[in-house]
Amino acid sequence: MDPESWQQRWREGRTGFHLDRVNPNLAEFFPRLDPRAGEAVFVPLCGKSVDLEWLARRGHSVIGVEVSPIAVESFFTEQGRAPVHRSTGHCERWEDPPICIWCGDFFGLCAQDVTPARLFYDRAALIALPEELRARYAAKLAALLPDTARGLLITFEYPQEAMAGPPFSVSEAEVTALYEGAFAIRRLARRDVLGEHRRFQELGLDTLIESVYLLERGEHAGDSDRS
Ligand SMILES: C[S@@+](CC[C@H](N)C(=O)[O-])C[C@H]1O[C@@H](n2cnc3c(N)ncnc32)[C@H](O)[C@@H]1O
């Protein structure tokens with residue numbers, strides 16, 4: 001799906017991916033990033049995720065990017081925030097500290113836009129993209145972040161022929177191929193979550209594996225541990 005199709009989806013309210021509660025994987029695994037007090041977290045393709053607010057309430061500054069103005073405006077309204085927005089040319093910046101969301105195309109960001117984020121959190125971002133865009137996404141994410149970057153990546157795996165994405169199925173082998181040049185990769189969790197997703201059961205899936213990966217750069221990059 002291209003950015004226009006996503007905007008259309010938001011206009012039509014087809015946002016079944018949105019969770020009204022904090023993603024349990026964020027609460028469980030965020031400490032594995034060894035976050036420093038107050039440090040910034042980059043959240044690509046953030047939608048109107050309440051995870052942004054969860055991070056902010058823990059004292060982190062949050063930098064999101066989201067192409068749909070409906071999603072961005074809804075996020076601030078639903079969280080009772082009053083953002084200031086200004087246009088910067090390539091994107092519109094909506095901000096109510098400590099949360100800033102770039103409303104525009106992820107692929108149009110530059111490293112300065114996500115500075116000083118070292119941490120990142122990818123829930124339903126990589127897997128929102130079709131295969132032909134995923135390598136570009138992974139390379140862009142790596143290029144935006146500094147040498148000390150580390151983050152969480154959450155994926156789904158299921159027989160792709162059983163359902164058209166999004167979300168798309170992304171295997172561990174693909175995660176390795178996409179990121180091993182830039183990050184050490186460690187899988188932190190892997191479980192079948194089909195029972196929690198009635199709409200995927202109704203579409204005929206018989207398995208839906210959710211994995212959580214820790215991606216770490218710097219001295220760890222290159223030595224993947226998929227235990
Ligand atoms: C599956 S949703 C996930 C949203 C959020 N991460 C969550 O957990 O609820 C993917 C989001 O990415 C946005 N998106 C898709 N392509 C984008 C792009 N190129 N730049 C910025 N946002 C994009 C869509 O509008 C959509 O809100």
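Along the sequence shown, residues are numbered consecutively beginning with 1. Note that ligands are numbered from 1 as they come in the structure, with each ligand's atoms numbered from 1 the same way.
For atom 20 (N) of ligand 1, the closest non-hydrogen atom of the protein is Phe106 N, 2.8 Å. Atom 15 (C) of ligand 1 has as its closest protein heavy atom Trp6 CD1, 3.3 Å. Counting only heavy atoms of the protein, atom 10 (C) of ligand 1 lies nearest to Ala124 O, 3.6 Å. Annotation: atom 7 (C) of ligand 1 to nearest protein heavy atom, Arg123 NH1, 3.3 Å. Atom 14 (N) of ligand 1 has its closest protein heavy atom at Leu45 CG, 3.7 Å.
Put simply, Leu19 and Leu208 are part of two different groups of oily side chains (I, L, V, M, F, W, Y) that touch within less than 4.5 Å, one to the next.
Ligand 1 has no N or O atom lying under 3.5 Å from any N or O atom of Phe107, backbone or side chain. Ligand 1 has a nitrogen or oxygen under 3.5 angstrom from a nitrogen or oxygen of Asp105. Between Val67 and ligand 1, at least one pair of N/O atoms sits closer than 3.5 Å.
When Lys140, Gln8, Glu66 are checked for heavy-atom proximity to atom 25 (O) of ligand 1, Glu66 turns out nearest. Considering only non-hydrogen atoms, atom 21 (C) of ligand 1 lies nearest to Gly104 out of Gly104, Gly64, Ser49, Gly165.
Taking the six-membered ring wherever Trp is involved, the centroid distance between the rings of Phe30 and His60 falls below 6.0 Å.
If you look at Ala71 next to ligand 1, there are no close heavy atoms at all, none under 4.0 Å.
Tyr137 and Asp122 form a side-chain donor-acceptor contact under 3.5 Å, judged by distance and modelled atom types alone. A side-chain donor-acceptor contact under 3.5 Å links Glu92 and Trp94.
Between Phe156 and His197, the angle of the ring planes goes over 60°, which puts this pair in the perpendicular group of the 30/60° scheme.
Electrostatic pairing of Glu210 and Arg190 does not count as a salt bridge here, judged by no charged N lying under 4.0 Å from a carboxylate O. A salt bridge links Glu4 with Arg11: the distance from a Lys NZ or Arg NE/NH1/NH2 to an Asp or Glu carboxylate oxygen falls below 4.0 Å. With respect to the salt-bridge test (charged N to carboxylate O, under 4.0 angstrom), the residues Glu95 and Arg86 do not qualify.
Set against the non-hydrogen atoms of Cys46, the atoms of ligand 1 under 4.0 Å away are 4 (C), 5 (C), 6 (N).
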